[in-house]
Amino acid sequence: MAADDTDISSNNFIRNIIQDDLDSGKHKAIQTRFPPEPNGYLHIGHAKSICLNFGVAEDFGGQCNLRFDDTNPEKEEDEYAQAIEEDVRWLGFEWSKLCYASDYFEQLYAYAIELINQGKAYVDSLSAEQIREYRGSLTEPGKASPDRNRSIEENLQLFANMRAGKYQDGEFLLRAKIDMASANINMRDPALYRIKKANHQRTGDTWPIYPMYDYTHCISDAIEGITHSLCTLEFEDHRPLYDWVLNEVKTPCHPRQIEFARLQLKYTITSKRKLNQLVTENHVDGWDDPRLPTLSGLRRRGYTPASIRDFCERIGVTKKDSFIEMAVLENCIREDLNQHAIRVMGVLNPLKVTIENYPEDKTEDLTAKNHPQNPDMGTRTIPFSKVIYIEQDDFLEDAPRKFFRLSIGREVRLRYAYYITCTEIIKDEKGKVIELICQYDPLTRGGSSPDGRKVKGTIHWVSAAHAIDANINLYDRLFTHPNPAATDNFIEYINPQSLTRLTQCKLEPCLAEADTSSHYQFERTGYFVKDTQVAALTFNRTVTLRDTWAKIDKQNNQG
RNA sequence: UGGGCCGUCGCCAAGCGGUAAGGCACCAGGUUUUGAUCCUGGCAUGCGCAGGUUCAAAUCCUGCCGGCCCAGCCA
């Protein structure tokens, strides 16, 4: 029964509109587009739009284009366009057509002449400041430019001269002639073309003038036969202009613009301008810094495409301004990784443990499961010997009753190995515990005892003689403020603890062969992925495991 | 205070006149060689507020209140 397969949770008002348009016969097939400006890297907010546009096309048997909105050469770069293509593909989508607004420059120019000929556009010689003054304010109407009633012939000539490069930047402007008294400021004779003698990434120096977004976007949509033009809320006020242009000019069709709320995530930033600032001022380590919500950063952090797609589905699509909690994103990646990540052992902060009664030169190969719930993932062997490392956090000299780990006189299970009991603590001159002396029970090999005695705690470990050293990066939220973008200076709220670099972490030997596409769960500590940028063996922590003990511990310390 | 949009649980979000889905978070149990996973149960007599229409309203009407966006030759 395929009819009932549609996941109700993924329905939203846009899908409802599209379904209605299909049912009513308004459209036979649907066509969408994802239209980034190549002026920065894609982030999690774009992922929402990508999943929406491509997802809708996919689910309704339509098509989705990737279109670069490249109408402002001063801000755009090919590097960004390349990265955008890579990120969209990585997320798991393939466009039916790769388009560029700049491919339509010639048509756009022709449509502009059409507008001039109809008396619907004019060339203005007012300066930028004057235009601002003439525009009026939110509460006062604007007033007409002296050039507003220039003759069609003169407008045509001036516009031709603009194109011919006869004027300097800012000298003239092509404006739509709409309504200077409109309550909607976007309708007060908006700019259509500005003179900008800049080299364009794709068209080079062929154009000294460039069309504005409002004019370009609607026509580009129409040229591509877009049925539903999905964009974010801030463009709601632009819709009358979108429709005005398409009504005044003879385009193949008239797409419907529908706005939805952009994604906002707590404790981070999703503004290309601000992300750019973090990168250029070196507050972070490039656009792919794992602390950033960029797709390249999330990728390097170890987020999977599937988890991001799942996230985008869970948050929904509405017109309500909202802030999503990080916990939702974290839940998505945990859910994916819990199912797919290989289990291994790695000690982040090593504490040496000598097992006094274990033979000096002996090494044993013990068997460990790669995934406790999925036998298909197989097993591996891990070496065990007299000296091992355990996690510093897994030992407490004065341990509370509920602390199920090592302490003097207490017994714990070494995962897949033996039960050990701590008998002696060795400290340095400052009183810091630097080594533990333990006794093991030879009858508990593999981790269970013939007498069936209960050992509540199980801790991870790594054989000192066999361990490999690695660097590990631990990440925390990038900002200490839930909405850094709303503060006076978001830079001040960068979390000084957002990155913790650990060195000389001890990992089980199999990790020497890790590749950057494998996700691992270091048992009891979190999910990790090998870093792609650093030469030395380095793992990035994607996300921690849920930690009930940390929660209890915190409550105890507070109460 | 011109125009546009939005207000359902701590955070998201279904609902489209017939008596409040779901997810995340949280809380309480159970299983467990990861204090992980998994499982079970709990979590809005209430839908920004106040009136009205109706046998019946989160859904319709009116009026308030609160929030977001717009005065780039950016997108």
Side-chain angles (χ1 to χ4, degrees), chain A residues 8-9 11-12 16 35-37 39 69 71-72 74-76 124 126-128 131-133 135-142 169-175 182-188 190-196 209-210 212-214 216-217 231-240 259 261 266 272-273 313-332 334-335 338-339 343 345 368-369 371-373 402-405 413-417 419 444 446-448 455-460 521-526 544-553:
Chain A
I8 293 168
S9 69
N11 265 136
N12 57 56
N16 292 342
E37 181 188 13
N39 67 341
D69 235 328
T71 56
N72 187 355
E74 288 169 344
K75 293 186 176 173
E76 298 151 8
D124 200 341
L126 251 32
S127 69
I131 289 205
R132 197 182 317 124
E133 286 161 23
R135 188 154 34 222
S137 73
L138 294 179
T139 50
E140 302 158 308
D169 287 15
E171 221 176 316
F172 288 101
L173 185 71
L174 183 72
R175 291 229 261 170
S182 174
N184 181 346
I185 291 181
N186 294 301
M187 299 299 270
R188 319 241 262 230
L192 262 25
Y193 267 92
R194 74 285 216 188
I195 298 170
K196 203 185 272 274
I209 55 173
Y210 291 95
M212 301 291 292
Y213 165 84
D214 285 308
T216 309
H217 203 88
C231 63
T232 43
L233 253 30
E234 67 270 27
F235 292 104
E236 265 176 323
D237 288 341
H238 295 242
R239 188 172 359 112
E259 310 84 13
K266 288 183 183 174
K272 274 202 256 183
R273 211 208 102 246
E313 202 156 286
R314 290 189 195 211
I315 58 175
V317 178
T318 68
K319 299 192 69 152
K320 190 172 109 183
D321 272 307
S322 56
F323 260 91
I324 312 291
E325 291 177 342
M326 272 293 182
V328 181
L329 216 207
E330 290 178 346
N331 174 261
C332 290
R334 283 196 185 109
E335 208 164 273
N338 174 51
Q339 217 172 119
R343 269 59 172 175
M345 292 197 281
K369 294 173 182 166
H371 188 120
Q373 278 80 233
K402 293 283 208 174
F403 185 77
F404 306 144
R405 309 177 189 181
R413 170 168 38 236
L414 293 177
R415 175 135 240 227
Y416 298 124
Y419 290 3
T444 58
S448 58
V455 169
K456 183 72 181 169
T458 300
I459 64 174
H460 57 99
Q521 182 195 98
F522 289 7
E523 292 202 39
R524 305 208 307 132
T525 70
T544 61
L545 255 35
R546 272 199 194 80
D547 192 347
T548 311
W549 169 246
K551 203 185 289 176
I552 294 166
D553 199 33

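Just so we're on the same page: letters track the sequence lines, and every chain starts at 1.
A:Thr444 places a side-chain N or O within donor-acceptor distance of the main-chain N or O of A:Tyr419, the cut-off being under 3.5 Å. In this structure, the side chain of A:Arg194 does not engage the main chain of A:Gly170 through any donor-acceptor pair within 3.5 Å. Checked by atom type and distance alone, the side chain of A:Arg334 pairs as donor or acceptor with a backbone atom of A:Thr544 at under 3.5 Å. In terms of modelled atom types and a separation under 3.5 Å, the side chain of A:Glu140 and the main chain of A:Gly136 share no donor-acceptor contact. One N or O on the side chain of A:Asn184 and one on the backbone of A:Asp237 form a donor-acceptor pair closer than 3.5 Å.
Between B:A75 and B:G4, the two P atoms lie 25 Å apart (nearest whole Å). When the C1' atom is used for both B:G67 and B:U8, the distance is 16 Å, rounded to whole Å. Spacing of P atoms, B:G52 relative to B:A14, comes out at 31 Å, to the nearest Å. Distance noted for atom P between B:G18 and B:G29: 41 Å (whole Å). Taking the P atom of each, B:G17 and B:C11 are spaced 28 Å apart, rounded to whole Å. The separation of B:G48 from B:U59, taken at their C1' atoms, amounts to 15 Å, rounded to a whole angstrom. Between the C1' atoms of B:C47 and B:G7, the separation comes to 10 Å (whole Å). Distance noted for atom C1' between B:C60 and B:G66: 23 Å (whole Å).
Base pairing of B:G66: its partner is B:C6, meeting the Watson-Crick or G-U wobble criterion (both donor-acceptor distances under 3.5 Å). In this entry B:A13 has no Watson-Crick or G-U wobble partner, no candidate having both defining distances under 3.5 Å. Across every strand in view, B:C43 sits unpaired, with no contact that passes the Watson-Crick or G-U test at under 3.5 angstrom. Pairing of B:C38, defined by two Watson-Crick or G-U wobble distances under 3.5 Å, is identified with B:G30. Pairing of B:C60, defined by two Watson-Crick or G-U wobble distances under 3.5 Å, is identified with B:G52.
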Would you list the protein and nucleotides 71-75 of chain B atom pairs, both N or O, that sit under 3.5 Å from each other?
from, atom 1, to, atom 2, distance (Å)
B:A71, O3', A:Arg135, NH2, 3.4
B:A71, O2', A:Arg135, NE, 3.0
B:G72, OP2, A:Arg135, NH2, 2.9
B:C73, OP1, A:Arg135, NH2, 3.3
B:C73, OP2, A:Arg135, NH1, 3.0
B:C73, N4, A:Leu126, O, 2.8
B:C73, N4, A:Ala128, N, 3.2
B:C73, N4, A:Gly170, O, 3.1
B:C74, OP2, A:Arg194, NE, 2.9
B:C74, OP2, A:Arg194, NH2, 2.9
B:C74, OP2, A:Lys196, NZ, 3.4
B:C74, O3', A:Arg194, NH2, 3.1
B:C74, O2', A:Asn72, ND2, 3.0
B:A75, OP1, A:Thr71, OG1, 2.7
B:A75, OP1, A:Arg194, NH1, 3.3
B:A75, OP1, A:Arg194, NH2, 2.9
B:A75, OP2, A:Tyr213, N, 3.0
B:A75, O3', A:Asp69, OD2, 3.4
B:A75, N6, A:His238, NE2, 3.4

Shorter than 3.5 Å, N or O on both sides, protein versus nucleotides 57-60 of chain B: list them out with atom names.
none

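With B:A14, B:G35, B:U34 as the candidates, the nucleotide lying closest to the side chain of A:Gln521 is B:U34. Of the candidate nucleotides B:G4, B:C6, B:C12, B:C12 has the atom nearest to the side chain of A:Ser322. Each of B:U37, B:C24, B:G4 was ranked by its minimum atom distance to the side chain of A:Val328; first place goes to B:C24. Comparing B:C27, B:C11, B:G35 by their closest approach to the side chain of A:Lys551 singles out B:C27.
Base engagement by A:Ser448 is indicated by at least one non-hydrogen atom pair under 4.0 Å involving a base atom. Residue contacts for A:Arg175: at a heavy-atom cut-off of 4.0 Å it reaches no nucleic acid atom on any strand shown. Base engagement by A:Phe403 is indicated by at least one non-hydrogen atom pair under 4.0 Å involving a base atom. Among the protein residues, A:Thr318 comes within range of the sugar-phosphate backbone only, with heavy atoms under 4.0 Å from sugar or phosphate atoms but none that close to a base. Across all strands, A:Asp237 comes closer than 4.0 Å to base atoms (heavy-atom distances). Using a 4.0 Å heavy-atom distance criterion, A:Arg314 is classed as a sugar-phosphate-only contact.
At the phosphate of B:U32, neither OP1 nor OP2 sits under 4.0 Å from any side-chain N or O atom of A:Lys456. Checking the phosphate oxygens (OP1, OP2) of B:C5, no side-chain nitrogen or oxygen of A:Arg239 falls inside 4.0 Å. Under 4.0 angstrom from either OP1 or OP2 of B:U8 there lies at least one side-chain N or O belonging to A:Lys320. The shortest distance between the side-chain N/O atoms of A:Arg524 and the OP1/OP2 oxygens of B:G35 is below 4.0 Å.
In this structure, CE of A:Met187 is placed 17 Å from C1' of B:C69, rounded to the nearest angstrom. Atoms CG (A:Leu233) and P (B:C6) sit 8 Å apart, rounded to a whole Å. For A:Glu325 and B:G23, the CD to C1' distance is 12 Å, given to the nearest whole Å. Residue A:Ile315 contributes atom CD1, which lies 16 Å from atom C1' of B:G22 at whole-angstrom precision. One atom, NZ of A:Lys266, and another, C1' of B:C12, lie 9 Å apart when rounded to the nearest Å. The separation between A:Lys319 atom NZ and B:C12 atom P is 18 Å, rounded to whole Å. Atom CZ in A:Arg413 sits about 11 Å away from atom P in B:U32, given to the nearest Å. Atom CD in A:Glu335 sits about 13 Å away from atom C1' in B:G22, given to the nearest Å.
No N or O donor and acceptor, one from the side chain of A:Glu140 and one from the base of B:G2, sit under 3.5 Å apart. The base of B:U34 lies close enough to the side chain of A:Arg343 for a donor and an acceptor atom to sit less than 3.5 Å apart.
Atom NE2 in A:His460 sits 4.5 Å away from atom CZ in A:Arg524 (nearest 0.5 Å). Here A:Asp69 contributes atom CG and A:Thr216 contributes atom OG1; the two are 7.0 Å apart, rounded to the nearest 0.5 Å.
Note on A:Glu236 versus A:Lys319: salt bridge recorded, some NZ/NE/NH1/NH2 to OD/OE distance being below 4.0 Å. By the 4.0 Å N-to-carboxylate-O rule, A:Glu74 lies close enough to A:Lys196 to be salt-bridged with it.
Using bins of under 30°, 30° to 60° and over 60° for the plane-to-plane angle, the ring pair A:His238/A:Tyr213 lands in the perpendicular bin.
Residues A:Glu523 and A:Thr458 fail the side-chain proximity criterion, which asks for heavy atoms closer than 4.5 Å. Between A:Lys369 and A:Arg343 the shortest side-chain heavy-atom distance does not fall below 4.5 Å.
Glycosidic conformation, B:G72: syn, with the torsion inside 90° of 0.
The salt bridge (charged side-chain N to carboxylate O under 4.0 Å, His left out) analysis of residues 320-330 of chain A, with sequence neighbours excluded, yields the pairs A:Lys266-A:Glu325.
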